[in-house]
Q: 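So that we are looking at the same thing, I have put the structure below in structure tokens.
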Amino acid sequence: MEENLLIMSCAVFGILFLALSAGVWVGFSLFIVGFVGLTVFGTLPAGSNMASSVWSTIEKWEYVALPLFILMGEILYRSGISEKLFKALVPWLYRLPGGLLLMNIVSCTLFAAVSGSSAATTATVGRITLAEFDKLGYDRSLSMGSLAGAGTLGFLIPPSLIMIIYAILAEVSIGKMFMAGILPGLLLAGIYSAYIIYRGIKNPEIAPQTQDSYSWSDRFLGLKDLAPTFALILMVLGSIYGGFATPTEAAALGVFGSFVFAVMNRQMNTKIIFECLMGAVKTNAMIMLIVVGAGFLSRVMGFLGIPAAITQSILGLNLSPYMLMLLLGGVYILLGCLLDGFSIVVMTLPIALPMVVAAGFDPIWFGIYLILMVEVSQITPPVGFNLFVIQGLTGEPIMNIARYALPFFFLMLLTTAILTIFPEIALYLPNLMTSQ
Amino acid sequence: MNTLVKLADDISDLMAKLSAIILGLMTVLILVEIVIWNLFQKTTLIADEYSAYGLAAIIFLGAGYCLKEKGHIRITLILGLLPPSAARVITAGATMITTIFMGYLWWYLFKMVKSAIRYESTSGTLTHTPLWIPQAIMLLGAGVFFIQLVAMSIRTCQAIKTREEVL
């Protein structure tokens with residue numbers, strides 16, 4: 001790397017680190033670093049560039065899917081969907097080793113297919129399961145740990161807020177990105193379930209059996225409570241996969257569907273819908289401030305040639321593709337301890353993506369890899385949003401919850417390794433879409 | 001001072017309510033487009049474009065409310081390790097720098113809107129919407145966000161004396 005580029009890169013990352021540590025909001029930290037970079041090292045006027053970057057970043061139809069999916073999550077959180085899921089699944093799961101602990105995995109998997117966020121998935125499922133598990137005398141570490149792990153499926157199984165942002169920034173199709181998440185999501189859910197069943201066989205005490213018993217007719221009659229969830233999944237993912245709707249339209253359909261569901265469940269009135277809208281406005285502002293700041297910083301880094309220079313020097317090391325992914329994985333795990341998923345994706349993408357594509361990886365596959373890294377960041381202390389959600393539900397200290405989630409952290413890394421060796425797991429469904 | 005802080009909070013709340021209504025309208029607009037396209041092969045012509053303007057509007061109109069509700073993400077880990085008095089001073093400094101920066105950004109957004117009016121820039125779509133209209137709504141939101149940041153600066157500076165919790 002040329003010497004002045006090295007100085008520039010160090011200065012940019014140094015200021016970023018300083019601003020973030022001083023508690024400047026992430027979005028503004030990115031803005032300020034971009035501003036300093038352009039003023040000190042660049043030749044273009046910073047102010048007007050910043051203004052035009054803000055407008056061109058936010059005025060995008062694709063981003064409209066973001067507040068809509070957030071709104072859908074807000075409605076579903078209050079709709080009684082998790083009670084229905086719980087009721088329908090109990091007769092199917094209660095006799096298995098590990099018992100209802102599997103409920104965390106199965107409910108999160110199903111709910112993730114209608115929710116775009118890990119925190120929303122964790123909160124919606126956890127508000128029902130954690131209290132029930134306490135009543136049944138289940139092992140607390142496994143009940144919280146499995147929820148922390150399974151809740152992260154919210155980002156991997158479509159629809160997914162992070163996937164929308166990734167797809168727009170990496171210029172790949174949102175629909176294909178969604179499809180790419182399905183099989184890896186099911187794989188991760190399968191690995192989690194296998195682990196819980198294994199723990200259940202080894203020590204049945206973790207989930208003491210109850211006296212209740214259910215017949216096959218109970219099981220099948222209960223399925224009607226799953227119907228609304230499957231209808232929503234079909235409406236949102238089916239319409240995208242079938243090519244009937246853009247992701248933004250599918251999101252609007254999802255809002256409508258969850259609204260109807262909440263009305264049928266008598267969980268909706270003017271006050272509640274307003275609460276949902278206000279919640280969505282707040283979360284949307286939070287995410288988009290980071291996206292807008294990152295949009296400007298990435299433009300500035302492009303002007304200065306930083307991503308290209310870093311790509312060149314990393315490729316110059318002649319790492320094997322697996323070594324590169326291992327190295328990146330280490331960096332992401334470290335970042336994940338300190339930052340939230342959205343910040344990680346938008347901050348690293350301008351540098352990581354060109355590097356990874358140059359090393360021969362598919363950008364859609366890398367999206368899935370990155371989302372798995374974001375999932376890891378959700379459960380690594382001290383900053384992990386799933387840990388915060390579970391702390392909010394139980395009052396347990398963060399470090400304890402992180403310890404309970406540790407086995408699931410390793411299972412995520414295992415899944416990432418499998419996915420790196422067999423990229424087809426992610427790419428099979430999106431490729432099928434192309435050939436349609 | 002406290003009147004100003006209270007006023008900023010009220011304005012932020014009001015703008016967030018406005019954003020909530022805009023988000024609701026965006027949803028309805030897209031649903032209407034889906035229905036009339038699939039049933040009558042007609043289009044509103046504006047659904048894509050105007051819902052994107054809606055998004056641009058609610059990001060900044062909602063940002064002040066999000067700030068007030070402590071929704072924006074920041075790293076408090078390192079501040080938490082410092083003595084509380086030092087953390088308060090740094091927080092006040094960081095908030096003021098952010099505020100000044102937002103003021104600077106607002107000024108350039110204002111200039112952008114002004115030149116959109118002067119050059120009569122339009123959207124380049126079928127509607128030929130003058131760009132200054134959606135941009136001016138964004139500018140209003142950015143202004144409210146700035147006012148909320150000023151209020152936050154006042155609050156964090158006062159906290160240095162009153163030893164209030166700011167993180």
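Only a predicted model underlies this, so the values are computations on that prediction, with no experimental measurement involved.
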Q: Which answer fits F110(B), side chain, backbone, both or neither, if we ask what part of it has an atom under 4.5 Å from a heavy atom of chain A?
A: neither
Q: Chain B heavy atoms under 4.5 Å from F259(A): which part of the residue, side chain, backbone, both or neither?
A: neither
Q: With a 4.5 angstrom heavy-atom cut-off, could you sort out which part of L66(A) is near chain B: side chain, backbone, both or neither?
A: neither
Q: Heavy-atom pairs under 4.5 Å with chain B are the metric here; pick the option from T248(A), D340(A), V292(A) that has the most.
A: D340(A)
Q: Just checking F145(B) against F28(A), ring centres under 6.0 Å apart?
A: yes
Q: Look at G24(B), A20(B), A63(B), G54(B) and state which one has the largest set of heavy-atom pairs under 4.5 Å with chain A.
A: A20(B)
Q: Check whether T95(B) gets within reach of chain A through its side chain, its backbone, both or neither, counting any heavy atom under 4.5 Å.
A: both
Q: With chain A as the partner chain, list the residues of residues 130-139 of chain B whose heavy atoms fall under 4.5 Å from it, by residue number, and write 'none' if nothing qualifies.
A: L131(B), P134(B), Q135(B), M138(B)
Q: Around atom CD of Q41(B), are there more than 12 heavy atoms from other residues, nucleotides or ligands closer than 6.0 Å?
A: yes
Q: A side-chain contact here means heavy atoms from C-beta on lying under 4.5 Å apart; do N38(B) and F244(A) qualify?
A: no
Q: Just by modelled atom types, is the G23(A) backbone N or O under 3.5 Å from a matching donor or acceptor in the R74(B) side chain?
A: yes
Q: Does any backbone or side-chain atom of L29(B) lie under 4.5 Å from a heavy atom of chain A? Answer side chain, backbone, both or neither.
A: neither
Q: Is the shortest heavy-atom distance from the side chain of M50(A) to the side chain of F101(B) under 4.5 Å?
A: yes
Q: Would you check, one step at a time, whether the test side-chain contact (heavy atoms from CB on, under 4.5 Å) holds for F31(A) with T98(B)?
A: CA-CA 10 Å; F31(A) 258 126; T98(B) 308; over 6 Å; no
Q: Nearest 0.5 Å, please: how far is CE in M278(A) from CD in E69(B)?
A: 7.5 Å
Q: Does the pair K17(B) and F274(A) meet the rule for a side-chain contact (heavy atoms from CB on, under 4.5 Å), with working shown?
A: CA-CA 8 Å; K17(B) 282 179 188 149; F274(A) 210 72; 3.7 Å; yes
Q: If you compare all heavy atoms of A280(A) against all heavy atoms of L23(B), which two are closest, and at what distance to 0.1 Å?
A: CB-CD2, 3.7 Å
Q: Within the 4.5 Å heavy-atom criterion, are I58(B) and N284(A) side-chain neighbours or not?
A: yes
Q: Nearest heavy-atom pair of D48(B) and W61(A): which atoms, and what distance?
A: CA-CE3, 3.4 Å
Q: Students often mix this up, so state it plainly: with edges at 30° and 60°, are the rings of Y53(B) and W55(A) parallel, tilted or perpendicular?
A: parallel
Q: Nearest 0.5 angstrom please: Y108(B) OH to N49(A) CG, how far?
A: 11.0 Å
Q: Rounded to the nearest 0.5 Å, what separates atom CE in M26(B) from atom CG in L277(A)?
A: 10.5 Å
Q: Yes or no on side-chain contact (heavy atoms from CB on, under 4.5 Å) for W25(A) and I73(B), after CA distance, side-chain angles and deciding distance?
A: CA-CA 6 Å; W25(A) 291 273; I73(B) 295 177; over 6 Å; no
Q: Out of A47(B), S51(B), G62(B), which one racks up the most heavy-atom pairs below 4.5 Å with chain A?
A: S51(B)
Q: Side chain, backbone, both or neither: which part of I34(B) has a heavy atom under 4.5 Å from chain A?
A: side chain
Q: Using non-hydrogen atoms only, which part of L149(B) is less than 4.5 Å away from chain A: side chain, backbone, both, or neither?
A: side chain
Q: Using heavy-atom distances under 4.5 Å, tell me whether I287(A) contacts chain B through its side chain, its backbone, both, or neither.
A: neither
Q: If you tally heavy-atom pairs under 4.5 Å against chain B, which of F256(A), F342(A), F35(A) wins?
A: F35(A)
Q: Please find the pair of heavy atoms, one from K282(A) and one from G71(B), that lie closest to each other, and give the distance.
A: CE-CA, 4.0 Å
Q: Measure distances from V255(A) to the heavy atoms of chain B and classify the residue's part below 4.5 Å as side chain, backbone, both or neither.
A: side chain
Q: Hey, what do you get for CE (M112(B)) to OG (S52(A)), rounding to the nearest 0.5 Å?
A: 7.5 Å
Q: Under the side-chain contact (heavy atoms from CB on, under 4.5 Å) criterion, do L339(A) and I75(B) qualify, and how do the steps go?
A: CA-CA 7 Å; L339(A) 286 167; I75(B) 297 180; 3.6 Å; yes
Q: Which pair of non-hydrogen atoms, one from H72(B) and one from M286(A), has the smallest distance, and what is that distance?
A: ND1-CA, 3.7 Å
Q: Which region of L77(B), side chain (C-beta onward) or backbone (N, CA, C, O), has a non-hydrogen atom less than 4.5 Å from a non-hydrogen atom of chain A, or is it both or neither?
A: side chain
Q: Are L253(A) and I30(B) side-chain neighbours, meaning at least one heavy-atom pair lies under 4.5 Å?
A: no
Q: Starting at CE of M102(B), measure out to CD1 of I32(A) and round the result to the nearest 0.5 Å.
A: 11.5 Å
Q: On a heavy-atom basis, which atom in S21(A) and which in I78(B) lie closest, and how many Å separate them?
A: CB-CD1, 3.4 Å
Q: So which of L82(B), I21(B), L31(B), V113(B) has the largest heavy-atom pair count under 4.5 angstrom toward chain A?
A: L31(B)
Q: For V26(A), is it the side chain, the backbone, both, or neither that has a heavy atom closer than 4.5 Å to a heavy atom of chain B?
A: both
Q: Among T27(B), I59(B), L55(B), which one satisfies side-chain contact (heavy atoms from CB on, under 4.5 Å) with P67(A)?
A: L55(B)
